Amino acid sequence: MNQRPLTVSRALSGLQGTTRVPGDKSISHRSLMFAALATGQTRVSGLLEGEDVLRTADAMRALGATITQDGDVWVIDGRGVSALSEPEDVLDMGNSGTAARLLSGILATQPFLSVMTGDASLRSRPMRRVTVPLSETGAVFEAREGGRLPMAIRGTCGAKPLTYRLPVASAQVKSAVLLAGLNAQGQTVVEEPVATRDHTENMLRHFGVPVAVDVMTDGGRRIALTGPAHLSARDVVVPGDPSSAAFPIVAALLVPGSDVLITGVGLNVLRTGLFQTLREMGGDLEVLNERIEGGEPVGDLRVRYSALRGVAVPPERAPSMIDEYPVLAVACAFAEGESRLQGLEELRVKESDRLAATVALLDVNGAATTVEGDDLIVHGLNGELGGGHVTTHMDHRLAMSAVVFGLAAHKPVSVDDTAFIETSFPGFVELMNALGAGIR
Ligand SMILES: O=C(O)C1=C[C@@H](OP(=O)(O)O)[C@@H](O)[C@H](O)C1
Ligand SMILES: C=C(OP(=O)(O)O)C(=O)O
């Protein structure tokens, strides 16, 4: 990817208008994978056509699914749970942790050899969190030092079903284990001490797989399914991604005079921690026209400029807003008073070390921060902000957070590379400009 630097100046007037953000990334990946594992034809509308999801589409094609486009609708002819074919070449998952980890679960129970790699960011991210449990199926994983990609996967025939308690709050690990369970012999169980996004459970049910979810006495969840399972093709409607909506929302809260409506945003309660937090900060964020679309709750979000105050975000809220912390930290930098964001250990293993990169983004632009263990403390508005150069480390969320910072700052913010925004939010700068951001 060619590097795309950008300098962003304060928006001259409030952001105004109605917009729609691209489809949910988590649901888009899953729709392509599950449709490939189903028998019959699945039509997906609203699919995120971002780089990460396009890598998943390429991988599922390489494994034997037929994937075409009919206008805006993606059409997938599936192969069934046990009938994928050996890929002829290395599977390149680009920048996407979700693609690499969920696919590892699928490939563990396919009796052939696959080799997976990714870009420099993905090649630095931990894969042991999936290979440790998945090896218990009988599959063999050979990865680089530290359990990093590239990695070879020798899938197993007659896989053993797993019972696994998640040591980290991760929907990717949960999903990898459940996907392996689809083609194992017997009951697969995942226990999660803290609930993480449940798109895998919801979509498996949508494709006809019985998935039992029980709340445990400690408040966690126990998820069970029985293999071998059969998935039947079912059409999918992908809602707008709340993690993408986060950027225009925070920008509208911070730029005086803003009044923006974002339609069709996914409102699954395991994804909306940021919206709750912004309201606690005094943000004027209203949900209109709440409805169910394609089995997921969606609504239109009206957001107006608001004077924000500092907030304390408890660690148990982290899974419901995990990708939103960099832009939340931007909001905190412009809020009155101190904010304390707790329990951010998982931020260290995203596309970049997002805790360190977020601290650097704020510091270089004059906003004071402190890190105490896994907690980030942002010391709110004091003096003029901006004027810094932000290093994004191949991380789309850092790049978009820096753009939002620049729109609200007193002095222009320069960003080393915005090209990676394509992974999750194609057309981001254009969308912001249509609302009046004036980014050149
Ligand atoms: O399951 C998913 O679709 C995702 C889960 C989260 O990762 P973890 O499971 O690593 O927390 C999130 O950060 C990622 O953007 C998407
Ligand atoms: C962490 C993210 O994605 P992934 O893990 O799929 O790379 C993200 O989109 O912020």
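Here the structure is a predicted model, which is why all the values come from computation and not from measurement. As the structure lists them, so they are numbered: ligands from 1, and atoms in each ligand from 1.
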Check your understanding: Quick one: does ligand 2 sit under 4.0 Å from the side chain of R354, the backbone, both or neither, non-hydrogen atoms only?
Key ->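 For R354, the contact with ligand 2 is made by the side chain alone.
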
Point to revise | Check: Q3/D417 side-chain N/O donor and acceptor closer than 3.5 Å | key: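 Judged by distance alone, the side chains do not pair up.
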
Check your understanding: Any luck finding a side-chain donor-acceptor pair between T392 and D416 under 3.5 Å?
Key ->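 The answer is yes; a qualifying pair exists.
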
Heavy-atom nearest neighbour in the protein, as seen from [atom], with distance rounded to 0.1 Å:
atom                    : answer
atom 10 (O) of ligand 2 : R397 NE, 2.7 Å
atom 2 (C) of ligand 2  : E351 OE2, 3.0 Å
atom 6 (O) of ligand 2  : T98 OG1, 2.5 Å

Practice item. Have a look at R101, R125, K350, H396 and point out the one with the heavy atom closest to atom 5 (O) of ligand 2. Key: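 Nearest option to atom 5 (O) of ligand 2, by heavy atoms: R125.
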
Carboxylate-amine/guanidinium contact [X] [Y], below 4.0 Å:
X    : Y    : value
D241 : K25  : no
R340 : E372 : yes
E201 : R30  : no
E346 : R129 : yes
E293 : R291 : yes
D52  : R55  : no

Check your understanding: Below 4.0 Å from any atom of ligand 2, is there a heavy atom belonging to E346?
Key ->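 In this structure, E346 fails to qualify as a contact of ligand 2 - no heavy atom is under 4.0 Å.
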
Review point. Would you call S96 a ligand 2 contact, heavy-atom distance under 4.0 Å?
Key: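 S96: in contact with ligand 2 (<4.0 Å).
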
Closer than 4.0 Å to some heavy atom of [X] - which atoms of ligand 2 meet that?
X    : result
N95  : 7 (O)
G97  : 4 (P), 5 (O), 6 (O), 7 (O)
Q172 : 4 (P), 5 (O), 6 (O)

Review point. In Å and rounded to the nearest 0.5 Å, what is the CZ to CG distance from R354 to L376?
Key: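 If we round to the nearest 0.5 Å, R354:CZ and L376:CG are 14.0 Å apart.
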
Practice item. Calculate, to the nearest 0.5 Å, the distance between atoms CG and CE belonging to L122 and M127 respectively. Key: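 Nearest 0.5 Å value for the CG-CE distance: 7.0 Å.
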
Review point. If every non-hydrogen atom of A83 is compared with every non-hydrogen atom of Q110, which pair is closest and at what distance?
Key: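 In this case the closest contact between A83 and Q110 is N-OE1, 4.2 Å.
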
Distances only, to 0.1 Å: what are the N or O pairs between ligand 1 and the protein that fall under 3.5 Å?
| from | atom 1 | to | atom 2 | distance (Å) |
| --- | --- | --- | --- | --- |
| ligand 1 | 1 (O) | R30 | NH2 | 2.7 |
| ligand 1 | 3 (O) | S26 | OG | 2.7 |
| ligand 1 | 3 (O) | R30 | NH1 | 2.8 |
| ligand 1 | 7 (O) | Q172 | NE2 | 3.2 |
| ligand 1 | 7 (O) | K350 | NZ | 3.1 |
| ligand 1 | 9 (O) | S170 | OG | 2.7 |
| ligand 1 | 9 (O) | A171 | N | 3.0 |
| ligand 1 | 9 (O) | Q172 | N | 2.9 |
| ligand 1 | 10 (O) | K350 | NZ | 3.3 |
| ligand 1 | 11 (O) | K350 | NZ | 3.1 |
| ligand 1 | 13 (O) | D323 | OD1 | 2.7 |
| ligand 1 | 13 (O) | D323 | OD2 | 3.3 |
| ligand 1 | 13 (O) | K350 | NZ | 2.8 |
| ligand 1 | 15 (O) | K25 | NZ | 3.4 |
| ligand 1 | 15 (O) | D323 | OD2 | 2.6 |

